[in-house]
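As structure tokens, the structure follows; a few thoughts come after it.
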Amino acid sequence: MAKKYIDVMDTTFRDGFQSVFGGRVLMDDFFPAVEAAKEAGINHFEFGGGARFQSLYFYLQEDAFEMMDRFREIVGPDANLQTLSRGINTVMLDTGSRELIDLHAKLFKKHGTSTIRNFDALNDVNNLAYSAECIKRHGLNHEAVITMMDLPPGCHGAHGVDFYEKTLRDMLDAGIEFDSLCFKDASGTANPNKVFETISMARKLLGEDVHLRLHTHETAGVSVASYLAALEAGANGIDMAASPVSGGTSQPDILTMLHATKGTNYNLGDLELTKILKYEDRLKECLAEYMIPTEATQVSPLIPFSPMPGGALTANTQMMRDADTLDKFDEVILAMKEVVEKGGYGTSVTPVSQFYWQQAYANVIFGKWKQIAPGYGRMVLGHFGKTPVAADADIIKLASEKLKLEPTIENPLDIADKEVTKSIAYWRKVLEDEELPATEENIFIAASCNKKGIAFLKGEGPLMIRKGKNNQNCGEEEMSGSYTVVVDGKSYSVQVAEGDAEISVTPSSATPAATPVAAPVAAASAGGKGSIEINSQTPGNVWKILKAVGDSVNEGEQIMILEAMKMEIDIVADKAGIIKSIDVNTNDTVIDGQLLATME
């Protein structure tokens, strides 16, 4: 009797890279491994979308559309190339307008995509309907998604089998057309018994002909058990990755699942051990110079308490490394439980997982509920759709006050369509003003990546990867040499050397020359700096300066906005007064505790 054929999607080059490297892998470095995967008999790949769209423009200065074209050239016309889309967000962190959602499907079809896996983190079926329509209209396979997780211990309301059944029935009642259905557990926290019962429910409801699959991560340590439970319940496909970007925060390794299914009635994609071994050896060679974060290789017992997706976890720790706040990681993870509970139990998958993370980060850095992360606030106010259960009333009130927005039940697409900055015409004009070609690709890059997309198109974006012996400071100049530093008013001569060279620190007899600094946007008033200092509470970048020297401000009024960890951080006046100096410029990078402005 022939074994049941199970479709295997190799997530290495999308979710694997996202879960281990925060998406930061250069295409020319990994393309030889794609060839090796093809030779190993793999013909279903996740190759783009999700966070691997923006990360190419933010960190790698590479074009995602070029990457997709070249990937298709390697694997040939018959491979099933799949991307990930966040429903009405597509590959953005914010809701797109209807015309941008349609453009997403059009361009991804043009650039080699076969199938789009389409999910909504709130499991709001209304957020799937229009994106599904666009996907099918442009001739793509639509893989609809129900997102899963286990709630932190002690939390109740949503994310049981009955909740997933209701979501599926709502999908069917809405007439959403799909070619396959995936249950997506981005945090890897759904327990295997619930996985079995959920897949069994879907099989009973949909019949034997519908392709069902499970996607999970090893982050919480139960992924192999969950996959076996899904297969036993009747799943037709599962997702796996190749070492060294498998396990830990990523999907189970292909070899691990081949071993786990020995002696069973399942044929995993006709894959052979010896060929997969060769493929994984080639992949290890390709990625040998990349820094693999320790947390990406580990199973975390804390994740079921604070569901953080593998694909988001390492992206966030990479940003914390950039900001020199990684020492706060455990505190932020533990702070997530309250944030999830009060936020209405949206599934912890991008963008909602990022909203949870940003709010937990803000609660740790600035004090509990002192700041409301914009994404989190807009979510609890209903601007992204309906949360599975109502968010905490006090948090809704606080978010409304902080963001100056009212709660809403309006369709998020209608809200987005009203925003001029989400129109194709707006971004065409921006490109023309920047003297850049207004192609459809460039319009979508600019609309989805904003100022970072424009910086990429102008060749002005930074390269931020951790690769080679200097992976912590890739692209920075060598710092060896002799310097004079001042500590508490005393000057010292300091030698800086690489490696194990001996260095010396001696008091300097000479008074150090003054170092010129860039003039601030507004000079201090004639009376000099004020007695009240306003300092940064976290590393970040100055995004907007809202006040000028001489302006009166009320207590709690915004003075400027920083950007850190993909969120906006308000810098406000502690008391009413007059701005005496602005000590930074727009786009400046600031460190923790740096002086930003003074008041009197």
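The structure presented is a predicted model; accordingly, all values stated were derived computationally and were not measured. Computation of the quantities below employed the complete heavy-atom set of this structure, encompassing side-chain atoms and omitting hydrogens, waters and symmetry-equivalent molecules.
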**Asked** Looking only at atom types and distance, does a side-chain atom of Asp124 sit under 3.5 Å from a main-chain N or O of Asn126, one as donor and one as acceptor?
**Response** yes
**Check: Tyr5 ring centroid to Tyr266 ring centroid under 6.0 Å** = no
**Request:** Output yes when a side-chain donor or acceptor of Ser250 lies under 3.5 Å from a complementary backbone atom of Val245, and no otherwise.
**Result:** yes
**Request:** Mark yes when over 12 heavy atoms from residues, nucleotides or ligands other than Glu419 sit less than 6.0 Å from its CD; otherwise mark no.
**Result:** yes
**Message:** Has Thr113 got a side-chain atom pairing as donor or acceptor with Lys109's backbone, closer than 3.5 angstrom?
**Reply:** no
**Prompt:** Can Glu73 and Arg70 be counted as an ion pair, charged N to O under 4.0 angstrom?
**Reply:** no
**Item:** Donor on one side chain, acceptor on other, Glu143 and Asn118, under 3.5 Å
**Value:** no
**Message:** Quick one, Glu272 and Leu277 - any side-chain contact, counting heavy atoms below 4.5 Å?
**Reply:** no
**Asked** Just wondering, more than 12 heavy atoms not from Lys106 lying within 6.0 Å of its NZ?
**Response** no
**Item:** Residue pairs, two or more places apart or on separate chains, that pass salt bridge (charged side-chain N to carboxylate O under 4.0 Å, His left out) and touch residues 43-60
**Value:** Arg14-Glu46
**Request:** Could you tell me whether Lys451 atom NZ has more than 12 heavy atoms of other residues or ligands within 6.0 Å of it?
**Result:** yes
**Message:** Pair Phe58, Phe456 - check ring pair (Phe, Tyr, Trp, His ring centres under 6.0 Å), show working.
**Reply:** CA-CA 8 Å; Phe58 287 6; Phe456 163 78; over 10 Å; no
**Asked** Is Lys452 close enough and on-axis enough to Tyr57, meaning under 6.0 Å and within 45°, for cation-pi?
**Response** no
**Prompt:** Does one side chain, of Asn442 or Arg428, offer a donor that lies under 3.5 Å from an acceptor on the other?
**Reply:** no
**Asked** Where is the tightest heavy-atom contact between Met336 and Ser348, given as atom of each residue plus distance?
**Response** CE-OG, 4.2 Å
**Distance, nearest 0.5 Å, that separates CG of Leu413 from OG of Ser97** = 8.5 Å
**Item:** Distance-only polar pair, side chains of Arg72 and Ser114, donor-acceptor under 3.5 Å
**Value:** yes
**Message:** When you measure from the side chain of Arg203 to the backbone of Gly234, do you find a donor-acceptor pair of N or O atoms at a distance under 3.5 Å?
**Reply:** yes
**Item:** Geometric class of the Phe17/Phe13 ring pair [parallel <30°, tilted 30-60°, perpendicular >60°]
**Value:** perpendicular
**Message:** Side chains of Ile146 and Thr198, heavy atoms from C-beta outward: is any pair under 4.5 Å?
**Reply:** no
**Complete:** In this structure, CZ of Arg98 is separated from CG of Asp417 (nearest 0.5 Å) by 4.5 Å
**Item:** Whether Asn267 side chain and Lys4 backbone form a donor-acceptor pair below 3.5 Å
**Value:** no
**Item:** salt_bridge(Arg169, Asp173) N-O dist < 4.0 Å
**Value:** no
**Prompt:** Hey, are the side chains of Leu128 and Asp120 touching, using non-hydrogen atoms and a 4.5 Å cut-off?
**Reply:** yes
**Message:** Is a donor from one side chain sitting under 3.5 angstrom from an acceptor on the other, for Glu441 and His111?
**Reply:** yes
**Item:** Separation between CG of Leu268 and CG of Leu258, rounded to the nearest 0.5 Å
**Value:** 5.5 Å
**Message:** Quick check against the 3.5 Å criterion: does Gln61 have a side-chain atom that pairs as donor or acceptor with the backbone of Pro462?
**Reply:** yes
**Item:** Whether Thr297 side chain and Thr294 backbone form a donor-acceptor pair below 3.5 Å
**Value:** yes
**Fill in**
Separation between OG1 (Thr274) and NZ (Lys278), nearest 0.5 Å, reads 6.5 Å
**Asked** Would a 4.5 Å heavy-atom cut-off, applied to side chains only, mark Gln358 and Phe355 as touching?
**Response** yes
**Asked** With a 4.5 Å heavy-atom cut-off, do Thr12 and Phe45 have their side chains touching?
**Response** no
**Request:** Might you work through the side-chain contact (heavy atoms from CB on, under 4.5 Å) test for Ile116 and His142, ending with a clear yes or no?
**Result:** CA-CA 5 Å; Ile116 292 183; His142 177 223; 5.7 Å; no
**Message:** I want to check something: taking the side chain as every heavy atom from C-beta on, are Ser180 and Asn141 in contact at a cut-off of under 4.5 Å?
**Reply:** no
**Prompt:** Sub-3.5 Å donor-acceptor pair from the side chain of Thr264 to the main-chain atoms of Thr261, do we have one?
**Reply:** yes
**Asked** When you check the side-chain N and O atoms of Asp239 and His215, is any donor under 3.5 Å from an acceptor?
**Response** yes
**Message:** Assess the residue pair Val210 and Phe178 against the criterion (side-chain contact (heavy atoms from CB on, under 4.5 Å)); give the C-alpha distance rounded to whole Å, side-chain angles, the decisive distance to 0.1 Å, and a yes or no.
**Reply:** CA-CA 9 Å; Val210 175; Phe178 55 86; 4.1 Å; yes
**Request:** Decide side-chain contact (heavy atoms from CB on, under 4.5 Å) for Met240 and Asp10; before the verdict, give the C-alpha distance in whole Å, the side-chain angles of both, and the deciding distance to 0.1 Å.
**Result:** CA-CA 5 Å; Met240 295 181 279; Asp10 183 355; over 6 Å; no
**Item:** Check against side-chain contact (heavy atoms from CB on, under 4.5 Å), Ile238 and Ile6
**Value:** CA-CA 7 Å; Ile238 53 177; Ile6 303 299; 4.2 Å; yes
Throw together a table of side-chain donor-acceptor distances under 3.5 angstrom for residues 33-44, partners on residues two or more places apart or in other chains.
unit_1 : atom_1 : unit_2 : atom_2 : d
Lys38  : NZ     : Ile74  : O      : 3.2
His44  : ND1    : Asp7   : OD2    : 2.7
His44  : NE2    : Asn80  : ND2    : 3.4
His44  : NE2    : Gln82  : OE1    : 2.9

**Item:** Between SG on residue Cys182 and CZ on residue Arg117, distance to nearest 0.5 Å
**Value:** 3.5 Å
**Ser246 side chain to Asp253 side chain, donor-acceptor N/O pair below 3.5 angstrom** = yes
**Asked** Between Trp357 and Phe329, how do the two ring planes meet: parallel, tilted or perpendicular, split at 30° and 60°?
**Response** tilted
**Prompt:** Given side chains that start at C-beta, do those of Leu206 and Leu168 come closer than 4.5 Å, heavy atoms only?
**Reply:** yes
**Request:** Quick one: pull up OH in Tyr290 and CZ in Arg466 and give me the separation to the nearest 0.5 Å.
**Result:** 13.0 Å
**Asked** Do you see a donor-acceptor pair shorter than 3.5 Å between the side chains of His217 and Gln251?
**Response** yes
**Request:** Output, in order, the C-alpha distance, side-chain angles, deciding distance and verdict of ring pair (Phe, Tyr, Trp, His ring centres under 6.0 Å) for Tyr164 and His159.
**Result:** CA-CA 7 Å; Tyr164 302 135; His159 290 286; 5.8 Å; yes
**Message:** Strictly distance-based, threshold 3.5 Å: is any side-chain N or O of Trp427 a donor or acceptor partner for the main-chain N or O of Lys422?
**Reply:** no
**Prompt:** Nearest heavy-atom pair of Gly269 and Val8: which atoms, and what distance?
**Reply:** N-CG2, 4.1 Å
**Message:** Testing the 3.5 Å rule here: is there a donor-acceptor pair between the side chains of Thr147 and Thr347?
**Reply:** yes
**Request:** Kindly say whether Val222 contributes a backbone atom to a donor-acceptor pair with the side chain of Ser226 at under 3.5 angstrom?
**Result:** yes
**Item:** Between Phe30 and Phe21, ring centroids under 6.0 Å
**Value:** no
**Message:** More than 12 heavy atoms of other residues, nucleotides or ligands under 6.0 Å from CD of Glu460: yes or no?
**Reply:** yes
**Request:** Can you label the angle between the Phe108 ring and the Phe65 ring as parallel, tilted or perpendicular, going by 30° and 60°?
**Result:** perpendicular
